[in-house]
**Student:** 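Before I ask anything, let me first share the structure, which is written out below as structure tokens.
As the structure lists them, so they are numbered: ligands from 1, and atoms in each ligand from 1.
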Amino acid sequence: MTLYQPFLDHAISYLTDRLPDLRPYPIPVGFASKSAIVGKGKHENEVVTTSYGYQSSKLRQIRAAHVQGGSSLQVLNFVIFPRLNYDLPFFGADLVTLPGGHLIALDMQPLFRDHHDYQAKYTKPILPIFETYQPHLPWGGDFPEEASQFFSPAFLWTRPQQDEVVETHVFSAFKDYLQAYLDFCDQANPTTDPALLEEIEASHLRYLRYRAEKDPARGMFTRFYGADWTEKYIHGFLFDLEKQVAKS
Ligand code: DBV
């Protein structure tokens, strides 16, 4: 059992319970599982990256990338992208363990930052959850300035040293955020307002372009699996909206 396996197991079983219309999201050939041997001598390790994809009537893509490369290399990147006729935020979890420690980012990333009504609808209800965890999960410090526009005021960003903090507080926070997210989904109604639909699509594209272009895992994946596989994985699966829009 690795550090983030319980997070992944919980997410899949909880989504299955809550979303009766959950079904697979196609994973392009070559991405479901990828492995490489990295390091030399006693540092030699197998690094396996496993991908998971689901969708539902309101959620365009629910996807996870799970990287397992020994006790000092574990990553679970889990993101939910709603369909473009809903104003739902993105669910984003970036759970990263490297030799220097853990790096945890958990948020419901808003489509619109400056719309007062949007914050009241999608951020205010989760602030009490955020406030429950913040004392145990102190602010993680520096992060890319240009990324800040994509986070909500309920952004949990922390760099715990102990595994135990991840197994307890981070795991509970992950479960609570996911529960709150699915509550938002239950309540969400599709929009047909052409102006809003246009704003939603523009916001998704802005977010996805940023994440694809600045993916902090690009360097790691390129070292393990090569540039060709990595670029195809980023644009063809992890952040695939532009490709999907181009196809339709
Ligand atoms: N991050 C991803 C994907 C990953 C992944 C798909 C599958 O988006 C892993 C793998 N994140 C990952 C790794 C690191 C980070 C760091 C391996 C460490 C990189 C390193 O130190 O070498 C949140 N993730 C980060 C950082 C942030 C996030 C802020 C620190 C980056 C830095 O300091 O440069 N989540 C991430 C992010 C957004 C988000 C940038 C932007 C909207 O939602």
**Student:** Start with the C-alpha distance between L106 and F174, add both sets of side-chain angles, then the distance that settles side chain to side chain contact (heavy atoms under 4.5 Å, CB included), and finish with yes or no.
**Tutor:** CA-CA 7 Å; L106 183 61; F174 178 81; 4.1 Å; yes

**Student:** Hey, would you say the Y54 and Y25 ring centroids sit under 6.0 Å apart?
**Tutor:**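 Here the rings of Y25 and Y54 have centres that are no less than 6.0 Å from each other.
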
**Student:** Ring-plane angle category for F151 and F155, please: parallel below 30°, perpendicular beyond 60°, tilted otherwise.
**Tutor:**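 F151 and F155: parallel rings.
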
**Student:** Do R60 and Q244 have side-chain N/O donor and acceptor atoms under 3.5 Å apart?
**Tutor:**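 There is no such pair between these side chains.
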
**Student:** In terms of side-chain heavy atoms, does Y86 have a donor or acceptor partner in N189 at a distance below 3.5 Å?
**Tutor:**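 N189 and Y86 do not have a side-chain donor-acceptor pair below 3.5 Å.
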
**Student:** May I ask you to check whether Y233 and F221 place their ring centres under 6.0 Å from each other?
**Tutor:**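 Yes: the rings meet the under 6.0 Å criterion.
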
**Student:** Distances for all N or O pairs of ligand 1 and the protein under 3.5 Å?
**Tutor:**
{"residue": "ligand 1", "atom": "1 (N)", "partner": "D94", "partner atom": "OD1", "Å": "3.3"}
{"residue": "ligand 1", "atom": "1 (N)", "partner": "D94", "partner atom": "OD2", "Å": "3.0"}
{"residue": "ligand 1", "atom": "8 (O)", "partner": "N77", "partner atom": "ND2", "Å": "3.3"}
{"residue": "ligand 1", "atom": "8 (O)", "partner": "R211", "partner atom": "NH2", "Å": "2.7"}
{"residue": "ligand 1", "atom": "11 (N)", "partner": "D94", "partner atom": "OD2", "Å": "2.8"}
{"residue": "ligand 1", "atom": "24 (N)", "partner": "D94", "partner atom": "OD2", "Å": "2.6"}
{"residue": "ligand 1", "atom": "43 (O)", "partner": "Q109", "partner atom": "OE1", "Å": "3.2"}
{"residue": "ligand 1", "atom": "43 (O)", "partner": "Q109", "partner atom": "NE2", "Å": "3.1"}
{"residue": "ligand 1", "atom": "43 (O)", "partner": "R211", "partner atom": "NH1", "Å": "2.8"}

